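Please read the structure below before turning to the comments.
Heavy atoms only: backbone and side chains are in, while hydrogens, waters and symmetry mates are out. It should be emphasised that the depicted structure is a prediction, and the values quoted were computed from it without experimental measurement. Within every chain, numbering begins at 1; the chains are lettered A, B, ... in the order of the sequence lines, protein sequences first and strands thereafter.
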Amino acid sequence: MSENTMPDNTMSEQTQGDVPAYEPNSIEPGIAARWVEDKAYELEGELDDDTYYALTMFPYPSGDLHMGHVEIFSIHDALVRQKRMLGLRVFNPFGWDAFGLPAENAAKKRGVDPAAWTYANIEQQADSIKRLGFSFDWSRRLHTCDPEYYKWTQWVFLQLFDNELAYRKEAMVNWCPGCQTVLANEQVIGGRCERSDDLVVRRPLTQWFFRTTHYAQELLDALPTIDWPDRVKLMQRNWIGRSEGAELSFRTADGADDVPVFTTRPDTIFGATYFVFAPEHPVVARRMADEPGYEAFIEEVQLRSEIERQATLGSGQIAKRGLRLNFDMVNPFTGENIPAYAADYVLMDYGTGAIMAVPFGDQRDFEFAQANGLEIRAILAPADGGDPAAADPTTMTEAYTEYGIVTNSGDYDGLSTADAKNKIMDDLEAKAWGKRTINFRLRDWLVSRQRSWGPPVPIIHCETCGPQGVPVEDLPVRIPADLNYQVDGSPLAMHPTWKFVVCPLCGGEGIRDTDTLDTFVDSSWYFLRFLSPNDNTMPWPKDAANAMMPVDQYTGGVEHAILHLLYARFVVKALRDIGHFTASEPFNALLNQGQVILNGSAMSKSKGNLVQPFEVVDLYGADTTRATILFASAPEDDIDWADVSPSGMYKWLGKLWRQTMIEIAASANTDVADHTGSAEAVEKLRRAVHTRIAAITDDYAKHKFNTVIAKLMEIANSAREAAAAGVHGAAQREALESLLLMLAPIAPFITEELWSRLGHEGSIHSQIFPVADPALLVKSSTTIVVQVNGKIRARLTVAVGLSAGDTERIAREDDNVAAALAGVTVKNVFHVQDRLLNFVV
RNA sequence: GCCCGAGUGGCGGAAUGGCAGACGCGGAGGACUCAAAAUCCUUUGUUCGAAAGGACGUGUGGGUUCGAGUCCCACCUCGGGCACCA
């Protein structure tokens, strides 16, 4: 390469008149269309053990994509594209969680067909996703509202029904007046509906449940086996809420009823000075039926509890009111008669619905006892060092919840709390008064909804045969096309003819169940349907399920921590036990992205603070939009759109574009295998590139896309510096091409375009991710820090591998170090190889 | 109230117990331009100093360590989860 064929670099960077401009919106749409036409990301061949299953939470089609979608798909796509470049066969399907209330609300308010509304939104989102270049496998697309899909949702329901994991019962359930339907416990947030924010009321209704409690222990035990964020695992652990204790019975004073209670503190039983039932407890209901005031009390409690819950949220103070019952109970250990109460602080659906009240050791009982003038009996003394006044009923101001030494408890006096617990439980079991028990906070999942835009519960009710599953050959039970959505209540239930059928067992009169399944049922198994979304003969092939499950990498929002993510785990365990595959968990690894917010608060239509993704895309292109999001912070952190700078990212991509174009021009008529520039400058550039390749590979593995981009910027800076020093040709191309390859998962369009302009055939996205040359990672010299008493006195460049003695000798030659050491005695010297030397004086 | 998590420049954020502030945004100055935009270059934690150089600095107070943004204890603030769970 001769000097005069090389354009002067400074000149070309300043003029750049001959370099085509970076115009993302003129190149991106064509490339996006080509990827779809070429079926570039459709996986061919078998779904086998070697296939990597990547999945992102499928969206609900409420309108066009919002920023949150663009964020999660940008994270997911960067991850997926990089995995492909590492040589993995990646299965990356996509679909829509398309059943839900907004479609039904649109139908009710505006008279549109919910299906038409839904599919129109889906098409709009699909177009946007393609425009943004997300590399999903479109051949596996599914929508949960397709009859071809919900046929199998109904089949899943029937599998659980046939195996006694789906059942119907009357229970006090959460009713949302706004949505006109019942809700699962997981959908009630702070007493309000997760969707509409209406105050939820409690009603007794007969509903369908999935027996999630059957798997409570396994759902808890398996948490350590999955690679999920600790935060999510902790939320599930708390939601499942396992507690160990004892169940034992108290007898009524008249000897007629035995009433079981659950306690985690059997050691405090001698302090049980009264007894409390949940207001609706059956024993209370029977014995109090004729008492004046009982009915009123029940009503008052139900009304009051909701209001008080709201009024006292966050205060930690809840008034405890109760009703003295017309009978007493007997404490089995003391033999004493103790008064019985009904009070709303005891819940019917936790434990046994009744408690032994120990005001000394439980804050709620303490408050209730004070309010009602009941005895507070000390049954524990603080261990050494404790404050005796805190455990003295005459002076204590709150319950004594610490452990200590048992007192006033007969034979158990003098034992520690832990020993007394064990001994009392041993004795309970020996006397057959009770047994060791484990209680869970988790309840069964209520799955039926009084709505119509969802899969109808595939059950036919028969007066003689009871509820019967719809035979598989009759699935799907379709939503009728002629529903009237303008009615109050459930359109499906009010259809004049739909529900009248014959019983599949006896052939007599049958009535369809008019409820539909919760949308979370749809999404609790969709990752299985992706394995064969177009096969109408089975839900999924067992072989493929065994090979592919669990999903290797799942990405999505933390808002589903105890909803979707818990339900999917339950459904997989249930289907495993029924025999449909061997996997025990749906998602092996989980990445939770943060939220996109604006000026500190969540974006929402009602607040009018939405940033529409396409405002950004239309201005700067998809690459800039994607890279801006990934550069703003680590994926798990929230992004405040007020703080991010798409224009900054756009500038950088433009700079990279020009830099690459200039190099293409600079090396146009030369042999790119050769390079110009000094050997030192070339080596410096190559070292910079290869150390970054190693670091970036690492950052990708940790999903730290923000530092990936920072290091790519460093390569660009090094390459520009080298170009200014006259380095062109092979070393410069190596730098730029490595950069483009490593940027490709993040900004797929500009890298594709520049890759081809650099003269390469084929897509950059089917290349192999760069590998660092180990030889270029070995340094010959390094900068060490010399400290005196931990304060930095000098930075010296020395050869690597120096001994402590040699390093010290060189360090002492430095003027600054010598000055700091003058007149003092060095007591010790710490040496960290190739990094640091610390004189302790 | 209980349980998690987090506090680093004007801003977003980097930092296997070993050079705090990588990378970028924003700011300042300059080059190019008739001018502006775009682009390029320099500079940018605070403070003392003409400079060389020094001091201070990761929410607060202690501690461990030769050495702490990083580990431990207490507290403050913010964010999240749960909320009468016996």
Side-chain angles (χ1 to χ4, degrees), chain A residues 10 13-16 21 189-191 229-239 241-243 245 261-265 268 276 305 308-309 312-320 343-347 349-358 361-365 367-368 398 439-443 558-559 561-562 595 600 628 631-634 636-640 642-649 651-652 654-655 658 704 706-714 716-717 720 724 783-792 794-795 816 827-832 835-841:
Chain A
T10 324
E13 284 203 8
Q14 278 171 4
T15 54
Q16 327 154 8
I189 314 290
D230 288 342
R231 179 170 59 137
V232 177
K233 292 204 230 180
L234 188 69
M235 282 165 73
Q236 292 212 349
R237 190 168 293 125
N238 291 341
W239 188 258
R242 181 185 199 270
S243 54
V261 299
F262 173 73
T263 177
T264 55
R265 293 292 299 272
T268 63
V276 188
S305 64
E308 279 182 1
R309 270 173 69 101
T312 56
L313 269 183
S315 71
Q317 294 297 310
I318 292 157
K320 290 183 173 46
D344 58 353
Y345 81 92
V346 175
L347 308 175
D349 58 0
Y350 183 78
T352 61
I355 62 158
M356 63 175 212
V358 182
D362 182 283
Q363 184 61 24
R364 295 154 299 176
D365 297 343
E367 287 172 27
F368 188 86
E398 57 182 11
N439 228 304
F440 293 94
R441 185 181 172 280
L442 182 74
R443 313 293 152 76
V558 72
E559 67 273 18
I562 49 171
Q595 273 190 305
T628 298
F631 188 52
S633 66
E636 299 83 3
D637 298 336
D638 286 351
I639 296 172
D640 193 327
D643 295 330
V644 304
S645 175
S647 67
M649 184 54 66
K651 271 194 222 170
W652 183 69
K655 204 162 160 178
R658 285 187 296 281
K704 296 206 66 184
N706 55 336
T707 55
V708 165
I709 295 171
K711 283 160 192 158
L712 292 171
M713 288 170 167
E714 289 174 353
N717 293 346
R720 226 168 7 250
T783 302
I784 63 158
V785 172
V786 182
Q787 298 178 334
V788 177
N789 271 358
K791 292 208 178 238
I792 295 155
R795 297 184 175 104
N816 246 317
K827 281 198 284 191
N828 209 344
V829 180
F830 279 82
H831 177 241
V832 182
R835 300 186 84 156
L836 176 131
L837 193 73
N838 189 11
F839 292 96
V840 184
V841 301

Between [M] and [N], how far apart are the [atom1] atoms? Round to whole Å, please.
N: B:A55; M: B:C11; atom1: C1'; value: 27 Å
N: B:U64; M: B:C19; atom1: C1'; value: 23 Å
N: B:A38; M: B:U46; atom1: P; value: 26 Å
N: B:C78; M: B:C71; atom1: P; value: 23 Å
N: B:U58; M: B:G63; atom1: P; value: 16 Å
N: B:C56; M: B:G49; atom1: C1'; value: 15 Å
N: B:C25; M: B:C73; atom1: P; value: 40 Å
N: B:U70; M: B:U65; atom1: P; value: 16 Å

Mind checking who [N] pairs with, Watson-Crick or G-U wobble, both distances under 3.5 Å?
N: B:C40; result: B:G30
N: B:U16; result: none
N: B:G67; result: none
N: B:C2; result: B:G81
N: B:C11; result: B:G24
N: B:C75; result: B:G59

Look at the side-chain N and O atoms of A:R443 and state whether any lies under 4.0 Å from the OP1 or OP2 oxygen of B:C85.
-> no
Heavy-atom check, side chain of [X] versus side chain of [Y], under 4.5 Å:
X: A:F440; Y: A:S243; answer: no
X: A:W652; Y: A:M649; answer: yes
X: A:M356; Y: A:T268; answer: yes
X: A:R835; Y: A:I784; answer: no
X: A:N789; Y: A:F839; answer: no
X: A:I562; Y: A:N238; answer: no

Whole angstroms only, please: what is the [atom1]-[atom2] distance between [X] and [N]?
X: A:D349; N: B:A86; atom1: CG; atom2: C1'; result: 13 Å
X: A:Q363; N: B:A86; atom1: CD; atom2: C1'; result: 13 Å
X: A:E367; N: B:C84; atom1: CD; atom2: P; result: 13 Å
X: A:I562; N: B:A83; atom1: CD1; atom2: C1'; result: 12 Å
X: A:L712; N: B:A14; atom1: CG; atom2: P; result: 16 Å
X: A:D230; N: B:G81; atom1: CG; atom2: C1'; result: 14 Å
X: A:E636; N: B:C4; atom1: CD; atom2: C1'; result: 16 Å
X: A:L836; N: B:G18; atom1: CG; atom2: P; result: 10 Å

Side chain of [X], heavy atoms from C-beta onward: which of [options] has the nearest atom to it?
X: A:R658; options: B:C85, B:G13, B:U39; answer: B:U39
X: A:R795; options: B:A20, B:G18, B:C40; answer: B:A20
X: A:I355; options: B:A86, B:C66, B:A83; answer: B:A86
X: A:W239; options: B:G54, B:C84, B:C82; answer: B:C82

Value for CZ (A:F368) from CD1 (A:I355), rounded to nearest 0.5 Å, stands at 9.0 Å
Rounded to the nearest 0.5 Å, how far does CD of A:Q787 lie from CG of A:L836?
-> 4.5 Å
By the 4.0 Å heavy-atom rule, please label [X] as base, sugar-phosphate, or nothing.
X: A:L234; value: sugar-phosphate
X: A:N706; value: sugar-phosphate
X: A:K233; value: nothing
X: A:R242; value: nothing
X: A:Q787; value: base
X: A:S243; value: sugar-phosphate
X: A:I792; value: sugar-phosphate
X: A:V346; value: base

Evaluate whether the aromatic ring of A:F830 and the six-membered ring of the B:C66 base sit under 5.5 Å apart, centre to centre, with an inclination under 30°.
-> yes
A:D230, CG: over 12 other non-hydrogen atoms inside 6.0 angstrom | no
Are any side-chain N or O atoms of A:N838 and backbone N or O atoms of A:G790, one a donor and one an acceptor, separated by less than 3.5 Å?
-> yes
Taking syn as any angle within 90 degrees of 0 and anti as the rest, which one fits B:G80?
-> anti
Contact nearer the 5' end of RNA chain B, comparing A:A632 with A:L347 = A:A632
By nearest-heavy-atom nucleotide on RNA chain B, the more 5' of A:T707 and A:N238 is A:N238
Protein proximity profile, nucleotides 23-28 of chain B - base contact B, sugar-phosphate-only contact S, no contact -, cut-off 4.0 Å on heavy atoms = BSSS--
Could you label the plane-to-plane angle of the A:F262 and A:Y350 rings as parallel, tilted or perpendicular, counting under 30° as parallel and over 60° as perpendicular?
-> perpendicular
